Amino acid sequence: AMEISTMAQAMQLHARLLKSGQEDPTHFQNLSKLFTFSALSPSGDLTYARHILTNLRTPNSYYYNTMIRAYSDSPDPTRSITLFLSMYCRREEQLGVVVPGPDKFTYPFVLKACSKLRNTQMGKQIHGLILKSGLISDRYVNNALIHMYAGCGDSGLALKVFDEMPERDVVSWTSLIDGFVDNNRPIEAIKLFELMMESGVDPNEATLVSVLRACADTGALSIGKKVHSFVKEKDLSMKANVGTALIDMYAKCGCIDDARRVFDETMDKDVYAWTAMISGLASHGLSEEAMEHFELMKSCNVKPDERTMTAVLSACRNAGWIGKGLYHIRSMKKYKLRPTIQHYGCIVDTFVRAGQLDEAEQFIRKMMPIDPDVVLWRTLLWGCKVHGDVERSKRLLKDVELLKMDSRDCGSYVLLGNVYAATGNWKEKAKMRELMNQRGLVKTPGSSRIEIDGNVHEFTAGDSRHVEAEHIYAKLDEMEQNVRREGYDPKVSEVLLEIDDDEKASQLLHHSEKLAVSFGLIRTDPGTVIRIVKNLRSCEDCHSFMKLISKLYQREIIIRDRIRYHHFKDGECSCGDRW
């Protein structure tokens, strides 16, 4: 039998098979080998495989399933569904070709195609066919259904399938947990992981990577540490993908030393492990060290990818290095990488934070080879608001670029409204609110998460739903009196509403991270580090408030906002007030 590694060899074999005909005892074995290579090998050819399938008089289900599988992995998974339907409806029977019916291997492949296309409707119809086919108790098929619903963004239906399964394995649990993390429900994902451990199912690497992502999203450090102990116990820690997830989790939970330790222990560091470390260092404001790691990475012959360059440029941004940032974005050509809008965004942000609004605007208008997106203009507008450049913001607001913005993009409306309010134009601010209402857009509420004793508590601004709300607000009042004695003056200009200053001060006091810190002070022992994860960028008022609280209450407070980390200690912040 001939080994095949290229399509040229496959065609040679095909020619031989056509010559020798079916009398050759190895005919069907070789045809199957030829077909599998064409369908599944990275150097295969799907059109060729389909040609073989079409010309078979009696294709068995292996041929159909392999073809459906190959299509589901291809850039156009729709063909997988089309072929499945022709198999299901046995359309080719009248052409004298007998088509086998779908079996337990067919469904998972076609469900994978639905998941990639995010086509819930089709997925539900196939689910119906599975119920009819009597395969609904098959674990393999059920796992594929969970994966499909989760991939289509419907964690509720994924959970329903999971609950109705007669027996579940590690794949069932992992697909479900992964779906919850992907669909932005990390707290529930962590609870599922704990249930999984209680039910005696051992997680595999994929489960651990998923749950570590959930810990990173929520700042659930104690769960992350439990996972780390499990990894050590089962001796999985040196696998690069688990190592990378641990580095990312520790960095995002504010423990950069632990991240370093895991990084040093990880064998065969790939580009993902290096990038996680560089990114973690950059977000903690350790830009010099991030750059040292970048140089080390290159000297280990690991080629940077787009994400590595985003991490490098964000290190430059957080340190305020404009020249270095420009140097690194130009050097991307060397690695055959094309800068994306995220990379240019880091450069614009660096100019804006340095107050160089002219340069930022010139860069957006003239220096970029790709069209700027809403986010870049928004960064510049944010700079105008922070640096009080009223004239520029008025001119930018007249500019068509911003008003052609994506009508689903909530952040732009909120920012525009705030810029109008900061320039005293309340009428235009009201118009923005009105536009948002018309389009059914709701502003993302600021939310902060804090983990206490293994439970993640989430607060939103002005939240009174928490069981300990009364204590939290009482503590907050005490904190406010203390910081006012230290000279804290609420930055009422941050509250862009037409209300009087006392009301504005009260609005600021009830921002989500202040509630989380108050809860942290109540529920943790003196001297314990308070760690908070928030979903938006910190406002100036919360920033100066936290500096004073860290000094008055002798606590280290670590807050991760959407952009970076803030380590507050003894009245100072690690970001050097650059954020």
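On a predicted model such as this, the values are computed, not experimentally measured, just so you know.
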Is the shortest distance from a Lys or Arg side-chain nitrogen in [X] or [Y] to a carboxylate oxygen in the other one below 4.0 Å?
X      : Y      : answer
Arg317 : Asp349 : yes
Asp373 : Arg378 : no
Lys252 : Asp217 : no
Glu188 : Lys191 : no

When you check the side-chain N and O atoms of [X] and [Y], is any donor under 3.5 Å from an acceptor?
X      : Y      : answer
Thr106 : Asn65  : yes
Thr340 : His343 : yes
Thr78  : Tyr71  : no
Asn143 : Asp169 : yes
Asn241 : Thr244 : no
Asp24  : Thr26  : yes

Going through the distances and angles, do Ser5 and Gln9 end up as a side chain to side chain donor-acceptor pair (under 3.5 Å)? CA-CA 7 Å; Ser5 55; Gln9 290 171 343; 3.1 Å; yes
Compare all side-chain heavy atoms of [X] with those of [Y] and state whether any distance is below 4.5 angstrom.
X      : Y      : answer
Ser74  : Leu46  : yes
Phe294 : Met277 : no
Leu31  : Tyr63  : yes
Val227 : Phe193 : yes
Pro203 : Val211 : no
Arg79  : Leu83  : no
Leu536 : Lys534 : yes
His147 : Ser115 : yes

Under 3.5 Å donor-acceptor, [X] side chain and [Y] backbone:
X      : Y      : value
Asn142 : Ile136 : yes
Lys116 : Ser72  : yes
Asp178 : Thr174 : no
Asn535 : Pro445 : yes
Lys269 : Thr266 : yes
Thr308 : Asp305 : yes
Ser38  : Asp45  : no

Please round to the nearest 0.5 Å and tell me the distance separating atom [atom1] of [X] and atom [atom2] of [Y].
X      : Y      : atom1 : atom2 : answer
Cys114 : Met148 : SG    : CE    : 6.0 Å
Phe37  : Glu3   : CZ    : CD    : 10.5 Å
Thr275 : Ile247 : OG1   : CD1   : 10.0 Å
Trp274 : Leu296 : CH2   : CG    : 4.5 Å
Arg564 : Arg537 : CZ    : CZ    : 10.0 Å
Gln12  : Leu34  : CD    : CG    : 11.5 Å

Is the Phe84-Tyr107 ring centre distance short of 6.0 angstrom?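 Ring-ring flag for Phe84/Tyr107: true, centres closer than 6.0 Å.
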Answer yes if the ring centres of Trp173 and Phe162 are under 6.0 angstrom apart, and no otherwise.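 Yes, they do, as the ring centres are separated by less than 6.0 Å.
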Name all residues meeting the side chain to side chain contact (heavy atoms under 4.5 Å, CB included) criterion together with Glu233; count only those two or more places apart in sequence or in a different chain, and write none if there are none.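 Glu233: no side chain to side chain contact (heavy atoms under 4.5 Å, CB included) contacts found.
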Shortest non-hydrogen contact from Leu111 to Val141?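 Result for this residue pair: CD1-O, 4.3 Å.
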Count the heavy atoms belonging to other residues, nucleotides or ligands that lie under 6.0 Å from [atom1] of [X], then report whether that count exceeds 12.
X      : atom1 : result
His51  : NE2   : no
Arg185 : CZ    : yes
Lys303 : NZ    : yes
His293 : NE2   : yes

Please report the C-alpha distance between Val170 and Asp202 in whole Å, then the side-chain angles of each, then the deciding distance to 0.1 Å, and finally whether the side-chain contact (heavy atoms from CB on, under 4.5 Å) criterion is met. CA-CA 7 Å; Val170 63; Asp202 260 1; over 6 Å; no
side-chain contact (heavy atoms from CB on, under 4.5 Å) between Val533 and Ser448, intermediate numbers included: CA-CA 6 Å; Val533 173; Ser448 296; over 6 Å; no
Report the C-alpha separation of Ser32 and Thr36 in whole Å, then their side-chain angles, then the decisive distance to 0.1 Å, and conclude whether the side-chain contact (heavy atoms from CB on, under 4.5 Å) test is met. CA-CA 6 Å; Ser32 169; Thr36 308; 4.1 Å; yes
For the residue pair Tyr344 and Phe363, does the interplanar ring angle fall in the parallel (under 30°), tilted (30 to 60°) or perpendicular (over 60°) class?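 The rings of Tyr344 and Phe363 sit tilted, inter-plane angle from 30° to 60°.
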For Tyr250 and Lys225, what are the C-alpha separation, side-chain angles and deciding distance, and is it a side-chain contact (heavy atoms from CB on, under 4.5 Å)? CA-CA 9 Å; Tyr250 277 125; Lys225 283 184 166 167; 3.7 Å; yes
